[in-house]
There are 2 protein chains.
Amino acid sequence: MPRRAASAEPADRRATIRDVAKAAGVSIATVSRVLGGTYPTAAATRTRVMRAVRDLDYVVNSHARALAGISTKSVAIVVSSVVSPFYAHVAQAVETQAAQEGRLCLISTTGGDLRRELGALKLMLEEHAEAVILIGNVVDNDEYRRRVGEYARALAAAGSQLVLCGRPAPGPDVPAIVVDYDNTGGARAATGHLLSAGHRRILYLGHKPGYTTSEGRIAGYREALAAHGVPEDPGLVLAGGALERQEGYRLMRERLRAAEPDFTAVFAANDQLAAGGRQALHEHGLRIPEDISLMGYDDLPPATDIGLTTTHVPHDELGRTAVRLALQRDRAGGADDHVVLGTHVVVRQSVRPLTG
Amino acid sequence: MPRRAASAEPADRRATIRDVAKAAGVSIATVSRVLGGTYPTAAATRTRVMRAVRDLDYVVNSHARALAGISTKSVAIVVSSVVSPFYAHVAQAVETQAAQEGRLCLISTTGGDLRRELGALKLMLEEHAEAVILIGNVVDNDEYRRRVGEYARALAAAGSQLVLCGRPAPGPDVPAIVVDYDNTGGARAATGHLLSAGHRRILYLGHKPGYTTSEGRIAGYREALAAHGVPEDPGLVLAGGALERQEGYRLMRERLRAAEPDFTAVFAANDQLAAGGRQALHEHGLRIPEDISLMGYDDLPPATDIGLTTTHVPHDELGRTAVRLALQRDRAGGADDHVVLGTHVVVRQSVRPLTG
DNA sequence: GTGAAAGCGCTAACAG
DNA sequence: CTGTTAGCGCTTTCAC
């Protein structure tokens, strides 16, 4: 008798527990018990059942199992894109931690579209995801808070947990966990690093107004300037629409076209922008760090490649912590509902002291 | 009457269709029909039901729905890591295409561990994933073919479809779809590009023996040399253990330590290796492309940053095609079970003609 | 040890 | 147009 599996054609119907029971000459309850392994069964029966399982290529139906109360736990992650190194790193950490805790990882990307975000949330809710982790940069306004409040409550009502990762907390009464990192502190330290090297005219490359990470980072920049008694020159802030390499290149090129540099250092809102800005500087004949010092933010792949001094963001810890906190249900009422992880400057070769 | 959602505490139990029916004063069938929208219902009833749905924060249970026959379709993707740009790009494309076709995307990373791969497969099988897409570089041997054959048959028996993306076909009788790209052709073209520029001593950086993409790429390198009548010097092949930046750096540094370069160009097995090799060359005082020409493979983020001439791999198309073929069930028996996508050289600034 | 039977939440005939 | 009812595949009492 050939195994069904030996046929290359798709089976018309998946084998069910009943098929196994029939093939093994036992009841379905016995099959369930053998498979569950949580109940004493006679060795002979067990053997017969396992043989039937193999013969029929039987695999439990997780939906049926879920309905009966034993669900495959899963953690969902909603992100605008996995191509972005930032999200990829956090997503990887989430997946790894979830797997370690025996959970499946559902993923959905939104491309930054709010409708798709909502759709993803709804889907994850239907799928009974134990936790839904929302990652990334957003505009923090009333609309956002209202929307996230809705998500959080809907999830809570369904026994699930919303986690905001690198996003602002929507308000005190919203049942969400927040795992964030210190954008402002990191930017303050980064800017401080440049200031300590003697730089006073520091171009801020790639501010994206309204977005929380951007606002947090530029706030740190401003704080550092203020702390060093350096007046802020609004002309030194280059606002852009995207936090990407291309944008950094474009902004810097336009700036250099308009006038010779009136700055000695550049602080880019992230490493990708720094990489783009760097290229424009090079094309303009400016060397880094000899002519211009450059700092990035994130400490992601492009940084090592271009020897970029930058600020390390704990992507891995961000993802792992998000999962850990979400699954640790016995949290004593909000004790650690809001975690902020630290960042630190990573010195490479793109900054040098200003001499003269 | 406050909405249940207004409470920050998790509900003891999710609202079911029965709760909604009771609240709306109708039968569960009516609720189902209103929600399904596939059946005529009185406007007044619809309003009452929808109100109850909102009041109770009701969300259908996709497991129950799946059991009853209407399943949320999903596509699973199994990959060793999403941090690797190659996988991230393909994964992104898979997710996007899946979402476009109304499917949820399950993701599992294995870290290259075969046990985790098997576990992931089993899980996806239990979850009734419509298709399981396996991505990436592997060793092609009997063990691999046996294993993948098992996967494919188990999935087929469950009415699911195995797709191998950038992996070799395991054999003729295995019910799997293969979506691959032309490693050898791309490497032949890349090497040809260097040869046409007059280079004869071309270092191959980062060969990982046994792995299919590596073997495919080095085969193209050899073919191109042969076609140009250049004898292959085994001493010009640097074998490594990882296809990563660090490894490229390490290999190149050791090579340069041992002896001054006896090559005029470098062909790296991928862009990351190229980026690492480039750094080692720079540290040794060698300029690119003035002193040494450099080619990569993949055309992924590091390539633009470092102006790398490389070979473009259609990651996006790879992922989209994988999903499309998997879902297109009416394939006429293997007509397009094996697709090979093309690659092409992308010229940037890291190669220059050899003069003198 | 094992079997029979009652659900889990939902959809889809089948009656009204 | 709406209600009743029979499963979907599984786990888990409750009997034997």
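We use all heavy atoms of the structure for the numbers below, so side chains are in, but hydrogens, waters and symmetry mates are not. Below, read A as the first sequence line, B as the second, and so on, with proteins coming before strands; counting in each chain starts at 1.
Among the protein residues, V26(B) comes within range of the sugar-phosphate backbone only, with heavy atoms under 4.0 Å from sugar or phosphate atoms but none that close to a base. Here A42(A) lies in heavy-atom contact (under 4.0 Å) with sugar-phosphate atoms only.
For T30(B) and dT2(D), the shortest distance from a side-chain N or O to OP1 or OP2 is not below 4.0 Å. Between T16(A) and dG9(D) there is no side-chain polar atom (N or O) within less than 4.0 angstrom of OP1 or OP2. Dashed line: the shortest gap from a side-chain N or O of S32(A) to OP1 or OP2 of dT12(D) is not under 4.0 Å.
Of the candidates dT2(D), dC10(D), dG9(C), dG9(C) carries the atom nearest the A68(B) side chain, counting heavy atoms from C-beta on. In this structure, the nucleotide among dC1(D), dC10(D), dA12(C) sitting nearest to the side chain of P40(B) is dC1(D). Nearest nucleotide to the side chain of R18(B), out of dC8(C), dT2(C), dT4(D): dC8(C). Side-chain proximity of R33(A) to dC8(C), dG3(C), dG1(C): nearest is dG3(C). Checking dC10(C), dC1(D), dT11(D) against the side-chain heavy atoms of T45(B) singles out dC1(D) as nearest.
Atom-to-atom, NZ of K22(A) to C1' of dG9(D) comes out at 14 Å; the value is rounded to the nearest Å. Atom pair L67(B):CG and dT11(D):P shows a separation of 11 Å (rounding to whole Å applied). For the pair I17(B) CD1 and dT5(D) P, the interatomic distance rounds to 16 Å; values are reported in whole Å. Nucleotide dT2(D) holds its C1' atom 16 Å from the CG atom of L35(B), rounded to whole Å. Remark: C1' of dG9(C) and CD1 of I70(B) are 14 Å apart, rounded to the nearest angstrom. The distance from atom CG of N61(B) to atom P of dG9(C) is 7 Å, rounded to the nearest whole Å. The separation between H63(B) atom NE2 and dT11(D) atom P is 14 Å, rounded to whole Å. Straight-line distance from the CZ atom of R65(B) to the P atom of dG9(C): 15 Å, rounded to whole Å.
D142(B) CG: 12 or fewer foreign heavy atoms inside a 6.0 Å radius.
The shortest distance between side-chain heavy atoms of V90(A) and C165(A) falls below 4.5 Å.
Between H63(B) and H128(A), the angle of the ring planes goes over 60°, which puts this pair in the perpendicular group of the 30/60° scheme.
A salt bridge links E143(A) to R146(A): at least one charged side-chain nitrogen sits closer than 4.0 Å to a carboxylate oxygen. For the pair R167(B) and E117(B), the salt-bridge criterion is met [side-chain N within less than 4.0 Å of a carboxylate O]. Between D140(A) and R145(A) there is a salt bridge, since at least one side-chain N of the basic residue sits less than 4.0 Å from a carboxylate O of the acidic one.
Contact annotation: side chain of R14(A) to base of dG9(D), donor-acceptor pair absent below 3.5 Å. Between the side chain of R46(A) and the base of dG1(C) there is no donor-acceptor pair of N/O atoms closer than 3.5 Å.
Both I28(B) and Y39(A) lie close to DNA chain D; mapped to their nearest nucleotides by heavy-atom distance, the more 5′-ward contact belongs to I28(B).
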